[in-house]
Structures are given as structure tokens and as C-alpha cells.
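Given the structure is predicted, the values throughout are model-derived calculations rather than measurements. Residue numbers begin at 1 in each chain, while the letters A, B, ... track the order of the sequences.
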There are 2 protein chains.
Amino acid sequence: MRSDARKNYDHLLSIAREAVAERGADASLRDIARRAGVGLATLYRHFPTREALLEALLRSTLDELAQKAADLQSSKTSDEALTLWLRDAVAFVQGYHGVVAVMAAALEDADSALHASCTNLRSAGENLLIQAQADGKARADLDGIDLFALIGALGWVGDQPAFNSRVDRIMRVVADALLASK
Amino acid sequence: MRSDARKNYDHLLSIAREAVAERGADASLRDIARRAGVGLATLYRHFPTREALLEALLRSTLDELAQKAADLQSSKTSDEALTLWLRDAVAFVQGYHGVVAVMAAALEDADSALHASCTNLRSAGENLLIQAQADGKARADLDGIDLFALIGALGWVGDQPAFNSRVDRIMRVVADALLASK
DNA sequence: ACCTGAACACCGTTCAAGT
DNA sequence: ACCTGAACACCGTTCAAGT
């Protein structure tokens, strides 16, 4: 990449980070380009789709979250690991309004720029779930996608101003449900 | 209302019903007016806000759902009533993409056209929850707003194509969590 | 190789002008 | 009393033209 292009790329990404934190996953791309002082087509050149932009923004965080699952798995009991990771995953999802809907779509769309990161994340959570199930600590009738859906649902709850203050409590209810013996 | 106005009103409402069923709660108002063969300002005259349109669309269904809660309360045991009503509420929410986010906002906004219907619905569910709690059949650490949030969360799950097939299962998990003894 | 401005086809919302 | 068309300020996406 040419150095002027690199500079635009980095600057766009940092402006986009602010915009997505403020406005959520469907922040105006036009506005991001404008605030970055760059032509709109330049944004499209670097990030051909919204998913590509979000992927560049979130990849490292998503990878860390997946890594965290592996770490917990080797350092905690399976039920603790699942509970603690759920808390981390929900905390992440809370940080970016609406991003989890995009991630849910990416899970099914192999062409999405976010597909690999999301599949990786699903798989990381799935491993925790499987271990807890094998230990008889988690409900046997759920899989990794259900776990992803539950995290997404908690993200949605947190995105609603009316419910935002209740996320922690509702998350505990969900955690209890996951870890029920049924 | 003049008879030509009444005709426009009714026709707009029936077109809007189709559009919202197809496209969800943020269906294009412009498109609704166009399909109804009416000027856009005519739509705004009859329904000054999107909430006003949704209210006209959903009021009777929402009232029925609240009534259903009362019926179940007097005909079933408290835990059965809560489970059955949850199922109905989730089925409703599934029918209209994104509508539950608007309803969540309306719960907090006393000026919203949907405020009364949503408060009424929350209150109906709350009664079922309180009864079940009094019978020691439901978790004591949740209230009517939490119940509303859980229904909304299940609506969100159903709105994601990747998760849609899992709604019933996840709803059962939530129901079990609600009815846990904790 | 990279960038820009303008174009196209959409929105929601408001308002002056018509009957 | 009711309706319409046009205007305004936004979108996302694409593409010819510039350096």
C-alpha cells in the first residue's frame, strides 16, 4: 500500500471507531468519510462493504474474546469458565450498538468479511459449552449457535435504553438457565 | 372525519399492514403512501409519527394479548398461565420485525402513541409474573419490565435469519429460567 | 495507484399552494 | 377540511475524470 493510502486507511479506521462507538453499527458511512476529510469513494475503496469496515474494526477484539475462552477453559472449572466468558462476551457486545445483528448475519454468510471472526467466536464459546455439558454442568439441549443467539439477545437488551439497566440481572438469569441440570 | 378522509385512512392502514408485515417496523413511509396512491403528506396528516401508525396497526392485537393474560390467569395455574402467555407474546412479536424495539422505547416515552398499549401489556404480563412468584413458582428477582425485555430479546432472536429456527428452543430455556425456584 | 466530485436512486419531514 | 407537489437535508452506492 502506498504511504498516502495507508494514512487514509488508518485515519478512516480511527474515525470509524469513534462513529461506531457513538452511533452503532449503522453509523453513516458518508459521515465517517466526511469526518475523516476524505472522499466517500476513498472509504469504499478501502472498505468495499460495511462488513469489511466492521471487520477491520473488530477483528482483534473478537480474536481476543475467542482466546479468552481458551484461556478460561484451561484455568477454571467448566461452569465457571462458561459464566465468566458469557460476561465478557456480553460486555463486548454492549460496546457496539447493533453490531451483534451484523455478526449474526455474518455467521450464515460465508462471503461476509466478518464470517471467519464470527465463526471463530462461535466455536470458542461452543467449546466452553461442550466441556460444561460433558461435566454435567450445562443443559445438554443447546449448541454453540444457541449460545451465540443468547449473547446477541443480551446485546439487544442492552441496546434498548428502557432495558439497559437490567442487562446484568437478565444475564444472570440466562447464565442460570444455561447451567441448569436439565 | 370526512368520508374521503376516512377512505384514505382505512386504505393507508391496510397497505401499511402489508408493508410492516413484509418489511418490518421501519418500512418506508414514502413507499406506503405511494402504494396507497396517496400524497406523502396525507399519510403524515393521518399518522403524524411512525409510532402513531404502528399504534393504529397494533392496538387491537396488543389489547387482545393483554386480555389473554387476564383470561389465562383465571383459568390456569400460575406457572402454566405464565408459560402459555409467554408463548403467545413471542408469537406476536415474531410477526412484526423490529416492532418490539419501538415498543421498548414507547414504554419509557410517555408521549409515544404506543405508550398506553405497551404499558398495558407490560402490566398484564406483570400480573402473571407476580401471581407465579406469590405461588413460589417463578423467580422472585424479576419484574414486569424484565419480562418485557425477555420477550423483546426473543423477538430479536426470531428476527435474525441465522437464529430464527431456534426461537422455540430458546424460549423454552427462558421459560425454565423464569420458573426456576431461585 | 490512488483520489475526488458528481450522479443516481432512495429516505423522513415540512410547508406553501391548491380544491 | 383535506389533499398534493415540491423542497430540504439526509442516506448508500457507483463511476467517470483527475493527479
| ring-ring contact (aromatic ring centres under 6.0 Å, His included) partners of B/His115, counting only residues at least two apart | none
| note | Per the under-4.0 Å heavy-atom filter, residues of residues 12-21 of chain A near DNA chain C come out as none
| Is the shortest side-chain N to carboxylate O distance from B/Asp31 to B/Arg23 below 4.0 Å? | no
| remark: Taken to the nearest whole Å, CZ/B/Arg23 to C1'/C/dC11 is 14 Å
| note | Here DNA chain C, pairs taken as Watson-Crick or G-U under 3.5 Å and shown with ( ), [ ] when crossing and | when to another strand, reads ||.|||||...|||||.||
| remark: B/Gln131 meets the side chain to side chain contact (heavy atoms under 4.5 Å, CB included) criterion, sequence neighbours left out, with B/Gln73, B/Ser78, B/Asp135
| task | For A/Arg6, answer base if it contacts any base atom (sugar-phosphate contacts may also be present), sugar-phosphate if it contacts only those atoms, and nothing otherwise; contact means non-hydrogen atoms under 4.0 Å. | result | nothing
Table please: side-chain donor-acceptor pairs of residues 166-174 of chain A below 3.5 Å, with sequence neighbours left out.
residue	atom	partner	partner atom	Å
A/Arg166	NE	B/Asp146	OD1	2.8
A/Arg166	NH2	B/Asp143	OD1	2.9
A/Arg166	NH2	B/Asp143	OD2	2.3
A/Arg169	NH1	B/Asp141	O	2.7
A/Arg169	NH1	B/Asp146	OD2	2.9

| request: Can you tell me the distance, in whole Å, between the CG atom of A/Leu43 and the P atom of C/dT4? | output: 11 Å
| field | Phosphate OP1/OP2 of D/dC3: any B/His46 side-chain N/O under 4.0 Å | value | yes
| message | Between A/Gln67 and A/Asp63, is there a side-chain donor-acceptor contact under 3.5 Å, judged purely by atom types and distance? | response | no
| Quick one: side chain to side chain donor-acceptor pair (under 3.5 Å) pairs with a partner in residues 147-162 of chain A, sequence neighbours left out? | none
| task | Ignoring backbone atoms, establish whether B/Arg34 has a side-chain N or O less than 4.0 Å from OP1 or OP2 of D/dT4. | result | no
| query | How close or far is atom P of C/dC10 from atom CG of B/Asp31, stated in whole angstroms? | reply | 10 Å
| message | Please classify the nucleic acid contact of B/Ala27 as base, sugar-phosphate, or nothing, using heavy-atom distances under 4.0 Å. | response | sugar-phosphate
| said: I'd like to check the ring-ring contact (aromatic ring centres under 6.0 Å, His included) partners of A/Tyr44; sequence neighbours left out, ordered by chain and number. | reply: none
| task | Any pair with a residue in residues 56-80 of chain B that passes ring pair (Phe, Tyr, Trp, His ring centres under 6.0 Å), sequence neighbours left out, goes on the list, sorted by first then second residue, please. | result | none
| Starting at CG of A/Asn8 and ending at P of C/dC3, how long is that distance when rounded to a whole Å? | 5 Å
| note | Sequence neighbours excluded, the answer for salt bridge (Lys or Arg N to Asp or Glu O under 4.0 Å) partners of A/Asp4 is A/Arg2
| note | Taken in chain and number order and not counting sequence neighbours, the residues that satisfy side chain to side chain contact (heavy atoms under 4.5 Å, CB included) with B/Arg45 are none
| Any idea which of D/dC11, C/dC11, D/dC3 is nearest the B/Arg45 side chain? | D/dC3
| query | Rounded to whole angstroms, how far apart are CD1 on B/Ile32 and C1' on C/dC11? | reply | 13 Å
| message | Check for me, please, whether B/Leu29 and B/Leu13 land in the same ILVMFWY cluster - side-chain distances under 4.5 Å, paths through other members count. | response | yes
| request: Report, as a single string ordered 5' to 3', how protein heavy atoms within less than 4.0 Å touch nucleotides 13-19 of chain C: B base, S sugar-phosphate only, - not at all. | output: BBB----
| remark: Heavy-atom nearest nucleotide on DNA chain C taken for A/Ala5 and for B/Ser28; more 5' hit belongs to A/Ala5
| message | In whole Å, I'd like the distance from the CD atom of A/Glu51 to the P atom of D/dG12. | response | 13 Å
Expected list for residues 84-107 of chain B: side-chain donor-acceptor pairs under 3.5 angstrom, two or more places apart:
residue	atom	partner	partner atom	Å
B/Trp85	NE1	B/Leu65	O	2.9
B/Asp88	OD2	B/Lys68	NZ	2.6

| task | Measure from the side-chain heavy atoms of B/Thr42 and tell me the nearest of D/dC11, D/dC3, C/dC11. | result | D/dC3
